[in-house]
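Just so it is clear, the model here is predicted, and its values are computed rather than measured.
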Amino acid sequence: MKRTLFLALSLAVLAVVAVSCGGKKKGELQAQEEQEAAADSLKQIKVMDKLANLAEEPLFDIVTNYGTMRVKLYSGTPKHRENFAKLALSGYYDGLLFHRVINGFMIQGGDPLTKDPANAARFGTGGPDYTVPAEFVPEYNHKKGALAAARKGDTANPTKASSGSQFYIVQDEVACAQLDGQYTVFGETVEGLSTIDKIASVEVNGRDCPLEDVKIISIKLVEE
């Protein structure tokens, strides 16, 4: 009887301790989640503040493991300017790859699927769940270093709306001249043209994907 009572009391104590520990862990987890939510909110506030004070034609450094390209976003394509700036400021592009490289043509990146090598067969199909309306400006053409938005083909995309995140940078303006009026050009490279050539010259597979990662380390706003 005494032994049974002792066992019952022991089990009761263990149950209380388990509930206490469980409650503590739950409280710690909740506190961590609240801290992460607060940090995310603060980050978003900072992003919105920078967007609100964005220069008419802001400069961004696209930092890669092959060098840095400084690009200027055009004022005449405000939807693309604000979308690219928002993604860059929020860190969306950090760690993504230039997944399509064609020497003598252009280099393309900005697909979030490229963060995971397991998605290799789907590289070029990823992005946020929205597109950006086309903004064709005659004087913005596919010169060397031009920054332009990738998009789906005409059959699936008759309005020529741009991808929500994927972009390409022109290496050869003669080869890319055919794209004028077909893809939105929303910026240009003002420094680092040699980096474009370095990336364009890497070895690729049959799908034009570099055999070794060409990584976007970050895209940073140049603040004067």
Side-chain angles (χ1 to χ4, degrees), residues 57-77 79-89 92-114 123-127 131-132 134-137 139-152 160 162-204 207-222:
E57 294 198 323
L59 299 174
F60 283 84
D61 280 343
I62 302 177
V63 183
T64 79
N65 56 333
Y66 277 75
T68 299
M69 296 162 282
R70 177 164 292 183
V71 297
K72 175 179 70 175
L73 306 186
Y74 292 145
S75 60
T77 49
K79 293 183 177 66
H80 285 74
R81 177 192 64 199
E82 290 168 20
N83 181 65
F84 184 88
K86 178 189 70 176
L87 295 178
L89 290 169
Y92 183 94
Y93 289 119
D94 297 358
L96 303 190
L97 306 179
F98 277 96
H99 63 275
R100 185 170 178 239
V101 169
I102 303 177
N103 199 6
F105 193 46
M106 58 90 225
I107 60 176
Q108 182 175 332
D111 182 349
L113 292 177
T114 61
F123 285 179
T125 64
T131 57
V132 182
E135 294 180 292
F136 299 134
V137 179
E139 59 264 37
Y140 298 162
N141 55 41
H142 283 75
K143 62 184 179 181
K144 180 162 186 174
L147 175 65
R151 66 174 177 83
K152 290 183 178 180
K160 296 179 171 59
S162 300
S163 161
S165 64
Q166 290 190 50
F167 62 88
Y168 62 92
I169 301 175
V170 173
Q171 187 210 12
D172 189 305
E173 59 186 55
V174 175
C176 289
Q178 60 182 313
L179 305 178
D180 286 346
Q182 300 296 315
Y183 293 77
T184 297
V185 176
F186 63 96
E188 65 179 82
T189 303
V190 295
E191 292 180 27
L193 290 174
S194 61
T195 299
I196 302 172
D197 294 328
K198 285 180 185 177
I199 294 174
S201 65
V202 302
E203 191 174 356
V204 299
R207 300 178 69 247
D208 298 317
C209 184
L211 297 182
E212 295 186 6
D213 288 351
V214 179
K215 185 170 291 187
I216 299 172
I217 298 170
S218 64
I219 299 184
K220 300 177 180 178
L221 175 66
V222 179

Glu203 atom CD, neighbour heavy-atom count above 12 within 6.0 Å: no

Spacing of Glu82 atom CD and Thr77 atom OG1 [to the nearest 0.5 Å]: 10.0 Å

Short side-chain to backbone donor-acceptor contact, Asp111 and Gly126, under 3.5 Å: yes

Asp213 backbone acceptor or donor facing Asn65 side chain under 3.5 Å: yes

Backbone of Ala150 reached by a side-chain donor or acceptor of Gln108 within 3.5 Å: no

Taking every non-hydrogen atom, the tightest pair across Leu147 and Val71: CD2-CG2, 4.2 Å

Ring centres under 6.0 angstrom apart (Phe60, Tyr93): no

Backbone of Ala134 reached by a side-chain donor or acceptor of Thr184 within 3.5 Å: no

Leu73 CG to His80 NE2 distance, which is reported to the nearest 0.5 Å: 11.0 Å

Exercise: identify the closest heavy-atom pair between Leu221 and Leu59: CD1-O, 3.5 Å

Pairwise distance CG(Leu87) to CD1(Ile219) - rounded to 0.5 angstrom: 8.5 Å

Separation between OH of Tyr92 and CZ of Phe84, rounded to the nearest 0.5 Å: 12.0 Å

For Arg100 against Ile102, the heavy-atom pair lying closest together: NH2-CD1, 3.7 Å

Minimum heavy-atom distance Glu57-Tyr74, with the two atoms named: OE2-CA, 3.6 Å

Phe105 side chain near Leu179 side chain, heavy-atom distance below 4.5 Å: yes

Backbone N/O of Asp197 and side chain of Tyr66: donor-acceptor pair under 3.5 Å: no

Check: Val137 and Val185 side chains under 4.5 Å, non-hydrogen atoms: no

Distance in Å, Cys176 SG paired with Lys143 NZ, rounded so as to fall on 0.5 Å steps: 14.0 Å

Glu212 CD: over 12 foreign heavy atoms closer than 6.0 Å: no

Main-chain N/O of Gly104 paired to Gln171 side chain as donor or acceptor, under 3.5 Å: yes

Backbone of Asn141 reached by a side-chain donor or acceptor of Asp180 within 3.5 Å: no

Side chain to side chain contact (heavy atoms under 4.5 Å, CB included), paired with Thr64, selected from Ile217, Ile107, Ile199: Ile199

Residue Lys79 excluded, over 12 heavy atoms near NZ under 6.0 Å: no

Main-chain N/O of Gly127 paired with Ser165 side-chain donor or acceptor, under 3.5 Å: no

Side chains of Glu188 and Tyr140, donor plus acceptor under 3.5 Å: no

Shortest non-hydrogen contact from Val202 toward Val101: CG2-CG1, 4.2 Å

Distance (rounded to the nearest 0.5 Å) between Ile216 CD1 and Leu96 CG: 5.5 Å

NZ or CZ of Arg151 within 45° of Tyr183 ring axis and under 6.0 Å: yes

Closest non-hydrogen atom pair, Leu97 against Phe123: CD1-CE1, 4.4 Å

Heavy-atom neighbours of Lys220 NZ exceed 12 at 6.0 Å: no

